Amino acid sequence: MKGALVFLFCFQLYAIDKSEIEFPWMKHSTVPEKNIQRLIEILEGSYTGKRLVNQARLKANQWGKTLSDVLKVGENSLTDTTILRRFDRDNALEVIHESVSVVYINQHLDTYDAVLDLAHELSHFIYREEFNPYVSQFSLEQFIANTIEGEGGEADAYLIECQVNSELFVHFDKKRSGCYDVWDTKLQKFSREMTIERFYHLGPYFRTFKSELRKRIGHANHAHISKEPVKFYSSAHSVPYPVAAIYEFEAIVGAACRNDQKRMKFIQSGLRKPGSTLTEKLYQDLEQSFRQRCDRFLD
């Protein structure tokens, strides 16, 4: 992982009152930006949190933004990444793809949960691998794996939560007790392998997941899934993350295909323009690739 994140048990580095961490984070001030800044200050009180904030500032600066520009108040905590695609109507073959992310923190949380959610979402913002749904190599199996196991995916973000919790709130009897389900007593650190394994616990969703896989890719083979009780639910979909990843993949590729359908119309219209260098053969190749990716996602 970038930044060589190491998950070890640490002592509390920041003094904070129990009454403060139990207080709703959005009620510290009537100004949302001040409440976000307060979360940042608390998070920076830990070694891991300070490093996260510094790296997030650097990434925001690379986009010509400040950290305040990418941190917002929301109904749920999530990192929303939008793939921006630009092309000229007169030359639809030339396409530029860019991604932009915004981090939302759930406005209904107490300060303790909001700080850990901030750490979790900043991990996604900084480290998560970028994806491009407009390429043929973008597959459902790859998307599920990257969502959970990839750099900056759900497993890494959860480990960041656990690390920050151990540094900031070690003296409080708080809710992240699940972190110690993935504590490797032999190595004395939070285990990435154990965390990944638990993200694939599907419980009653086991058959649903296999059915959805079979419907979309023709088989239901998956090495990691288990019928063990669910440990982690997606806040966006209220289902285990592997199942949520299927829904997200469908939505992402569906939107990309609808956009590409418009682009193909511009490309086709270019065939009839005088002096066009676009050949019928090139258009047919593009259309075949488009159909292979998108027929299932279009009406």
Side-chain angles (χ1 to χ4, degrees), residues 1 3-29 32-57 67 71-74 76-79 103-127 152-192 194-196 198-199 231-235 241:
M1 175 185 287
L5 292 174
V6 179
F7 304 109
L8 301 172
F9 187 83
C10 300
F11 293 104
Q12 185 178 5
L13 304 177
Y14 183 79
I16 183 171
D17 294 331
K18 185 175 182 180
S19 60
E20 180 174 8
I21 67 173
E22 292 177 344
F23 194 73
W25 78 277
M26 280 296 291
K27 292 188 177 180
H28 285 284
S29 168
E33 291 77 14
K34 288 186 178 181
N35 290 322
I36 290 173
Q37 185 57 41
R38 179 60 181 147
L39 290 186
I40 293 171
E41 291 171 359
I42 295 173
L43 182 58
E44 285 184 302
S46 73
Y47 173 78
T48 298
K50 188 171 184 63
R51 183 166 54 174
L52 275 175
V53 171
N54 287 340
Q55 291 177 325
R57 285 196 177 106
L67 185 55
L71 291 178
K72 306 294 181 183
V73 179
N76 292 297
S77 295
L78 57 90
T79 300
V103 172
Y104 294 95
I105 303 300
N106 185 332
Q107 63 183 320
H108 306 293
L109 301 177
D110 60 24
T111 301
Y112 169 79
D113 287 310
V115 169
L116 294 185
D117 273 21
L118 177 60
H120 182 112
E121 298 306 331
L122 286 183
S123 177
H124 289 325
F125 175 72
I126 299 163
Y127 303 115
E154 294 302 332
D156 285 345
Y158 184 72
L159 288 167
I160 287 284
E161 279 188 57
C162 291
Q163 184 64 23
V164 169
N165 187 56
S166 72
E167 293 173 7
L168 275 180
F169 306 115
V170 66
H171 297 308
F172 298 107
D173 180 21
K174 293 300 290 181
K175 294 174 262 184
R176 289 308 194 273
S177 58
C179 289
Y180 294 94
D181 289 340
V182 297
W183 178 257
D184 188 321
T185 54
K186 183 177 181 180
L187 297 178
Q188 288 294 290
K189 67 175 186 178
F190 297 114
S191 168
R192 192 172 191 272
M194 293 167 67
T195 302
I196 290 172
R198 281 156 177 75
F199 267 97
K231 297 290 185 183
F232 299 107
Y233 285 92
S234 162
S235 60
Y241 279 93

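Please read these numbers as outputs of a predicted model, since none were measured by experiment.
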Write down the atom of [X], the atom of [Y], and the distance for their closest heavy-atom approach.
| X | Y | value |
| --- | --- | --- |
| Ala119 | Val164 | CB-CG2, 3.9 Å |
| Ser123 | Ala157 | OG-CA, 3.7 Å |
| Leu52 | Ile160 | CD1-CG2, 3.5 Å |

### Task
Flag the pair Tyr233 / Tyr241 as yes when their ring centroid distance falls below 6.0 Å, and as no otherwise.
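Judged by ring-centre distance (under 6.0 Å), Tyr233 and Tyr241 do not meet the cut-off.
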
In Å, rounded to the nearest 0.5 Å, how long is the span from [atom1] of [X] to [atom2] of [Y]?
| X | Y | atom1 | atom2 | result |
| --- | --- | --- | --- | --- |
| Asp113 | Ser77 | CG | OG | 9.0 Å |
| Thr195 | Leu159 | OG1 | CG | 4.0 Å |
| Asp117 | Tyr104 | CG | OH | 15.5 Å |

### Query
Hey, what's the ring geometry for Phe232 with Tyr158, parallel, tilted or perpendicular (30° and 60° as the breaks)?
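Correct class here is perpendicular.
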
### Task
Classify the ring geometry between Tyr180 and Trp183 as parallel (under 30°), tilted (30 to 60°) or perpendicular (over 60°).
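The rings of Tyr180 and Trp183 sit tilted, inter-plane angle from 30° to 60°.
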
### Message
I need the single residue from His28, Arg38, Lys27 that forms a side-chain hydrogen bond (donor to acceptor under 3.5 Å, both in side chains) with Thr111. Which is it?
### Response
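Exactly one pass, corresponding to His28.
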
### Query
With a 4.5 Å limit on heavy-atom distance, are the side chains of Leu71 and Ile40 in contact?
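Result yes, sub-4.5 Å side-chain heavy-atom pair found.
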
### Message
Any side-chain to backbone donor/acceptor pair from Asn35 onto Met26? Under 3.5 Å, distance only.
### Response
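It does hold such a pair.
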
### Query
Charged N to carboxylate O below 4.0 Å: is that the case for Glu167 and Arg51?
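No, this pair does not count.
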
